[in-house]
Student: 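For reference, the structure I am asking about is given below.
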Amino acid sequence: MRLAPPKILIPGLIAIAIFMTGDGFELTFLSKYLVSLGFAATQASTVITAYGLMAALSGWASGVLAETFGVRRIMLIGAGLWVFLHLLFVGAAIPSGIYPLILVIYACRGLAYPLFIYSFVVYITQKVAPASRASAMGWFWTAYSIGVGCLGSWIPARTINFIGERGTLWFSLAWTITGGLLCLLFVGRGEPQPKRGDLGDTLRQLSVGVTILGTNREVALTAIVRVICNLSLYGFPVIMPLYLTTAGYGEEWFTMPQWMTIWGIQFAVTVFGNLFWGWIGDRYGWMRQMRWYGCWFCAAATLGFYYVPQFLGGNMIALGAAAVLLGMGVTAFVPMAAVFPALAPEHRGAAISANNLASGLTTFVGPGLVTLLLPHIGVAGVCWTYTALYLLGSLITVFIHPDQPGFDRNGRRLPETADRPVAEVAA
């Protein structure tokens, strides 16, 4: 598991990396692009916030839908929906200049990518033993990071100078369509289709994904930490292009390609970090690494993104170091998808849905805080708010005790398993 992902996951991981490359193209420039079209910064952040809200709803539903109708089918529905709505967004909404149309269509597109990627999380829980799921999720998030972060940042950083923002948005279709085709041809072929329940059964399962937050306190606390852990990851692409490259909210310390390259560095680090922390978490405890490394690294890096330009100006190396720290902090939360089902093994599908709901909510809360706070407390206030929430998340982890194979409820390695591989312990 350290050297390669399980073979059965490889086609899906490749499909996710390619699909999320296209999905990530606009992540680093959409807010500034909308401002350049004449919209206010708060309008741009509202568009991305609405997108995050739809992603949260879709993430919540994806786990149960995948278990009910099949992983492959739901992934393909997500890919098709993405392509259709992106065509409307780039071909009709943006040229129209009508803000409500841009807002609605882009928000609806947020329903698509969670169906594609989070359905695959169900596949991982079906095919990988519990003791190795953190490592497997490390590979999942590595594929995600290669796509949405590395290629999704570095490619548009180069294409924008030649074909512009809108041309780059058109180019993203080549990647998402290719990812969808790979899913169609190679993911889950020959797998027996799950037995479908009626609509009432599906709705009841979906409701459990929410009600479990009220009936299982530790799942609820974990969901709060899950929302907190990616605030900067989704909030910074909204606020940092304005802060780092314009004189309106900061200074012109960096060019847009430089900012996109720095953000790509952060995601390049996550490629290593996802594998590293997945391996560490399975062997030394899931919660410990999230508490001390995930929360505190993210808190320090968040302040670094604000204060490095203030004191050092356009220093690419210094801001790149903050990006490295953020990448290592974000990836320390990679065991999250293993923690949720471990806290509610009798309701695995509902626990996964709760995880996906919280994961989607962070794409809403991150930019949402920008929308709410930026006009009142500025960029500095937003960054300090993120930092305070990361420190709160560190405290909350103290009260979460998943049943991790080979560990006691307090996250200490059992003496009789200390010298044995985790996979052997699970067996």
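We use all heavy atoms of the structure for the numbers below, so side chains are in, but hydrogens, waters and symmetry mates are not.
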Student: Got R72 and L184 here, is their nearest side-chain heavy-atom distance under 4.5 Å?
Tutor: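 Yes, their side chains come closer than 4.5 Å.
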Student: Could you grab the distance from atom CG of L27 to atom CD1 of I48, nearest 0.5 Å is fine?
Tutor: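 It comes to 7.5 Å.
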Student: Distance check, rounded to the nearest 0.5 Å: L13 atom CG versus I117 atom CD1?
Tutor: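 Reported to 0.5 Å precision, the distance equals 12.0 Å.
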Student: May I ask you to check whether S232 and Y390 show a side-chain donor-acceptor distance below 3.5 Å?
Tutor: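 The answer is yes; a qualifying pair exists.
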Student: Return the minimal non-hydrogen interatomic distance between F297 and G329, and the atom names on each side.
Tutor: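 In this case the closest contact between F297 and G329 is CB-CA, 3.5 Å.
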Student: Flag yes if more than 12 heavy atoms outside F276 fall under 6.0 Å of its CZ atom; otherwise flag no.
Tutor: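 Counting other residues, nucleotides and ligands, CZ of F276 exceeds 12 neighbours.
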Student: Looking at T142 and V271, would you say the former's side chain and the latter's main chain have a donor-acceptor pair under 3.5 Å?
Tutor: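 Between the backbone of V271 and the side chain of T142 there is a qualifying donor-acceptor contact (under 3.5 Å).
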Student: For F29 and M256, which heavy atoms make the closest approach, and how far apart are they?
Tutor: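 In terms of heavy atoms, the two residues are closest at CB-CE, 3.6 Å.
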Student: Just wondering, do N161 and P257 contact through their side chains at under 4.5 Å, heavy atoms?
Tutor: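 They are in contact (side-chain heavy atoms under 4.5 Å apart), so the answer is yes.
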Student: Would I163 and W170 satisfy side chain to side chain contact (heavy atoms under 4.5 Å, CB included), going step by step from the backbone distance to the final call?
Tutor: CA-CA 10 Å; I163 60 178; W170 281 118; over 6 Å; no
Student: With rounding to the nearest 0.5 angstrom, report the CG to CG distance, L244 to L319.
Tutor: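 L244 atom CG to L319 atom CG measures 6.0 Å (nearest 0.5 Å).
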Student: Centres of the W277 and F333 rings: under 6.0 Å?
Tutor: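 So the answer is no for these two rings.
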Student: Distance-only, no hydrogens or angles: does the Q404 side chain make a donor-acceptor pair with backbone N or O of G281 under 3.5 Å?
Tutor: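 It does hold such a pair.
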Student: Between W296 and W292, how do the two ring planes meet: parallel, tilted or perpendicular, split at 30° and 60°?
Tutor: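 Judged by the thresholds at 30° and 60°, the geometry between W296 and W292 is parallel.
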Student: Would you say R109's side chain and L85's backbone share a donor-acceptor pair under 3.5 angstrom?
Tutor: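 A pair under 3.5 Å: no.
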Student: Could you note down all residue pairs passing ring-ring contact (aromatic ring centres under 6.0 Å, His included) where residues 209-237 supplies at least one of them, sequence neighbours left out?
Tutor: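 Only F236-F305 qualify under ring-ring contact (aromatic ring centres under 6.0 Å, His included).
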Student: Which is it for L389 and L231 under the side chain to side chain contact (heavy atoms under 4.5 Å, CB included) test, yes or no, and what are the steps along the way?
Tutor: CA-CA 9 Å; L389 289 171; L231 290 176; 3.5 Å; yes
Student: Report the C-alpha separation of V219 and L213 in whole Å, then their side-chain angles, then the decisive distance to 0.1 Å, and conclude whether the side chain to side chain contact (heavy atoms under 4.5 Å, CB included) test is met.
Tutor: CA-CA 6 Å; V219 169; L213 298 174; 3.9 Å; yes
Student: Just so I know, are the side chains of L34 and L30 near enough to count as touching, which here means a heavy-atom distance under 4.5 Å?
Tutor: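 Yes, side chains in contact.
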Student: May I ask you to check whether Y51 and Y106 place their ring centres under 6.0 Å from each other?
Tutor: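 Yes, the ring centres sit under 6.0 Å apart.
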Student: Atom CG in L88, atom CD1 in I94: separation rounded to 0.5 Å?
Tutor: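 If we round to the nearest 0.5 Å, L88:CG and I94:CD1 are 11.5 Å apart.
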Student: With distance as the sole test, does W259 use its side chain to make a donor-acceptor pair with the main-chain N or O of P237 at under 3.5 Å?
Tutor: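 No; judged by distance alone, with no hydrogens or angles, the pair does not exist.
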Student: Can you list the steps and then say if T176 with L173 is a side chain to side chain contact (heavy atoms under 4.5 Å, CB included)?
Tutor: CA-CA 5 Å; T176 53; L173 282 166; 4.3 Å; yes
Student: Kindly state each residue pair satisfying side-chain hydrogen bond (donor to acceptor under 3.5 Å, both in side chains) with at least one member in residues 261-270, sequence neighbours excluded.
Tutor: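 Residue pairs passing side-chain hydrogen bond (donor to acceptor under 3.5 Å, both in side chains), neighbours aside: S145-T270.
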Student: Whether the side chain of S62 engages the backbone of L115 through a donor-acceptor N/O pair (distance < 3.5 Å, no angle test) should be reported.
Tutor: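 Not at all, since once roles are kept as given, no pair shorter than 3.5 Å links the two residues.
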Student: From W82 CH2 over to F116 CZ, what is the distance, rounded to the nearest 0.5 angstrom?
Tutor: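 Answer for the CH2-CZ pair, W82 versus F116, is 11.5 Å.
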Student: Using atom types as modelled and distance alone, determine if a side-chain donor or acceptor of E252 lies under 3.5 Å from a backbone N or O of T245.
Tutor: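 Such a contact is absent between E252 side chain and T245 backbone.
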Student: Using modelled atom types only, decide if a donor and an acceptor are shared between the side chain of S36 and the backbone of Y33 within a distance under 3.5 Å.
Tutor: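 Yes: the side chain of S36 pairs with the backbone of Y33.
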Student: Atom OG1 in T302, atom OH in Y386: separation rounded to 0.5 Å?
Tutor: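 The distance works out to 8.5 Å.
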Student: The criterion is side-chain contact (heavy atoms from CB on, under 4.5 Å); which residues satisfy it with I124, sequence neighbours excluded?
Tutor: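 By the side-chain contact (heavy atoms from CB on, under 4.5 Å) rule, I124 matches L9, F120, V128, A136, M137, F140.
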Student: Backbone N or O of C150 within a donor-acceptor pair of the S153 side chain at under 3.5 Å?
Tutor: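 Not at all, since once roles are kept as given, no pair shorter than 3.5 Å links the two residues.
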Student: Just so I know, are the side chains of N355 and Y118 near enough to count as touching, which here means a heavy-atom distance under 4.5 Å?
Tutor: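 Counting from C-beta outward, N355 and Y118 never come under 4.5 Å.
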Student: Where do S31 and P241 come nearest, in terms of heavy atoms and distance?
Tutor: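 What the structure gives for the nearest pair is OG-CG, 4.1 Å.
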Student: Tell me if a side-chain donor or acceptor on R226 pairs with a main-chain N or O of M336 at a distance below 3.5 Å.
Tutor: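 Flag not set: sc R226 to bb M336 has no pair under 3.5 Å.
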Student: Mind checking whether Y306 and W384 have ring centres under 6.0 Å apart?
Tutor: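 Distance test on ring centres: not under 6.0 Å, no.
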Student: Atom CG of residue position L185 - does it have more than 12 heavy atoms of other residues, nucleotides or ligands inside 6.0 Å?
Tutor: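 Buried by this count: over 12 neighbours within 6.0 Å.
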Student: Can you tell me if H86 uses its side chain to pair, donor with acceptor, with the backbone of L169 under 3.5 Å?
Tutor: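 Present.
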